Structure formats: C-alpha cells, structure tokens
Amino acid sequence: MKEKELRRTLAVLPIGTAMKLTDLSARQIRYYEDQELIRPKRNEGNQRMFSLNDIDRLLEIKDYLADGMNIAGIKYAFEEQKRKSKLVTTTQSDNHELTDDDVRRILREELLQTGGLEGPDHQIPGFFHKKPL
DNA sequence: GTTCTCACA
DNA sequence: TGTGAGTA
C-alpha cells in the first residue's frame, strides 16, 4: 500500500478545491495553517498546494471544532494521534483491528471527557474546550 | 479568474 | 472570521 500512501501525500490541490471539498472558507484554511494544524506545500508562485491528506486533516479539524474543541485541543489531539499511531504500527504491525476512524473516535471521547470534567479553575486556559457549554 | 498578504468602519 | 486592497 505504498503507492496509495504516496498519492495521498501529493499536494496538487489549490485552495479553491480545498474549499469546495471541505466547505471551509479560504480565510479559515489559511488561519488553520497559521495555527500549524496543516502544512500545505507552496508552488513556484507561493500558492498553497493541498494533498488528500491535508483535506482529511481539514475535515477532522472541522469535526473537532464542531464538538467544541479549540485550536490548542486539536493540536493536542493530532499529537496523540501521531503517538498512538506509532504505538499501533510498532506493536501490532499486522493487526489492523483499529482503524484510523476508531482512533479518532476514541481520542475525541477521551478529550471531551477530560475537558468536560475539569472545573473552570483547573482548566488549562483554552485547551480542550471553548467556553464551557 | 484565482490566490496571496496585510489590515480594519 | 469576514472582507477589501493591491499584487503576482
């Protein structure tokens, strides 16, 4: 499955396409880049070029945001995703019982629970959640 | 026509 | 986040 992974990392989509695919505004996409949630490549004309992985990433960001998570929380979520991903590939390289979706869902639940139980006093300023619902 | 950066009545 | 300005 290396060819497939390679194609998913090919940055060939301009921001206009990313907008249609993710239903996000150019403003939002650029803002998320500033927050280092995504790292689109740049072409010769300094224009952002997105890969399918970037698109998935943007969709995840939109998903997390919908669940009330903020930028800091999402950054943390991606770090954990990377950490757990490494754990899975090294401990069960041939056991694919856990799909990426499972990891994301489990992780989201964990984050929502943690942030939800924290009292306003012990909550890290703008980490997991936006204003307590 | 599209995208980029910067700035704000 | 939106939006307009001035470019590339």
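Just so it is clear: chains get the letters A, B, ... in the order the sequence lines come, proteins before strands, and each one is counted from 1. Keep in mind that the numbers below use all heavy atoms, side chains included, and drop hydrogens, waters and symmetry copies. Note that this is a predicted model, so its numbers are computed, not measured.
If you take CG of Asn43(A) and P of dT2(B), they are 16 Å apart, rounded to a whole angstrom. Distance NZ (Lys62(A)) to P (dT1(C)): 12 Å, rounded to an integer number of Å. Taking atom CZ of residue Phe50(A) and atom C1' of nucleotide dT3(B), one finds them 10 Å apart after rounding to whole Å.
Residues that satisfy the side-chain hydrogen bond (donor to acceptor under 3.5 Å, both in side chains) test with Asp34(A), not counting sequence neighbours, are absent from this structure. Asp102(A) is linked by a side-chain contact (heavy atoms from CB on, under 4.5 Å) to Leu98(A), Thr99(A), Arg105(A), counting only residues two or more places apart in sequence or in another chain. For the side-chain hydrogen bond (donor to acceptor under 3.5 Å, both in side chains) test, residues two or more places apart in sequence or in another chain that qualify with Arg104(A) are Glu60(A), Asp101(A). Here Gln35(A) pairs with nothing under the side-chain hydrogen bond (donor to acceptor under 3.5 Å, both in side chains) rule; sequence neighbours left out.
Each salt bridge (charged side-chain N to carboxylate O under 4.0 Å, His left out) pair with one or both residues in residues 43-57 of chain A, not counting sequence neighbours, appears once here: Arg8(A)-Asp56(A), Glu33(A)-Arg48(A). Listed by first and then second residue, the side-chain hydrogen bond (donor to acceptor under 3.5 Å, both in side chains) pairs involving residues 16-27 of chain A are Ser25(A)-Gln28(A) (not counting sequence neighbours).
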Contacts under 3.5 Å, N or O only, protein and nucleotides 4-8 of chain C:
none

Polar pairs (N or O, both sides) under 3.5 Å between protein and nucleotides 5-9 of chain B?
| residue | atom | partner | partner atom | Å |
| --- | --- | --- | --- | --- |
| dT5(B) | OP1 | Arg42(A) | NH1 | 3.2 |
| dT5(B) | OP1 | Arg42(A) | NH2 | 3.1 |
| dT5(B) | OP2 | Arg48(A) | NH2 | 2.2 |

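Counting only distance, with no hydrogens or angles, the side chain of Asp67(A) and the backbone of Met69(A) share no donor-acceptor pair below 3.5 Å.
Residues from residues 9-25 of chain A placing a heavy atom under 4.0 Å of any atom in DNA chain C, listed by number, are Ser25(A).
For the atom pair CD (Glu80(A)) and CD1 (Ile106(A)), the distance works out to 13.0 Å, reported to the nearest 0.5 Å. From Leu52(A), atom CG reaches atom CZ of Arg7(A) across 10.0 Å, with rounding to the nearest 0.5 Å.
Taking side-chain N and O atoms only, Gln28(A) has a distance below 4.0 Å to OP1 or OP2 of dT1(C).
Taking each heavy atom of Met49(A) and Val12(A) in turn, the nearest pair found is CE-O, 3.6 Å. Shown here for Leu59(A) and Leu21(A), the closest heavy-atom pair between the two residues is CD2-O, 4.1 Å. Residue Phe78(A) comes nearest to Leu37(A) through the heavy atom pair CE1-O, 4.1 Å, listed as atom of the first residue, atom of the second, then distance.
Stem regions annotated for DNA chain C: B:4-8 with C:2-6, counting only runs of 3 or more consecutive pairs of Watson-Crick or G-U type with both contacts under 3.5 Å.
For Lys62(A), the NZ atom sits in a packed shell: over 12 heavy atoms of surrounding residues, nucleotides or ligands are nearer than 6.0 Å.
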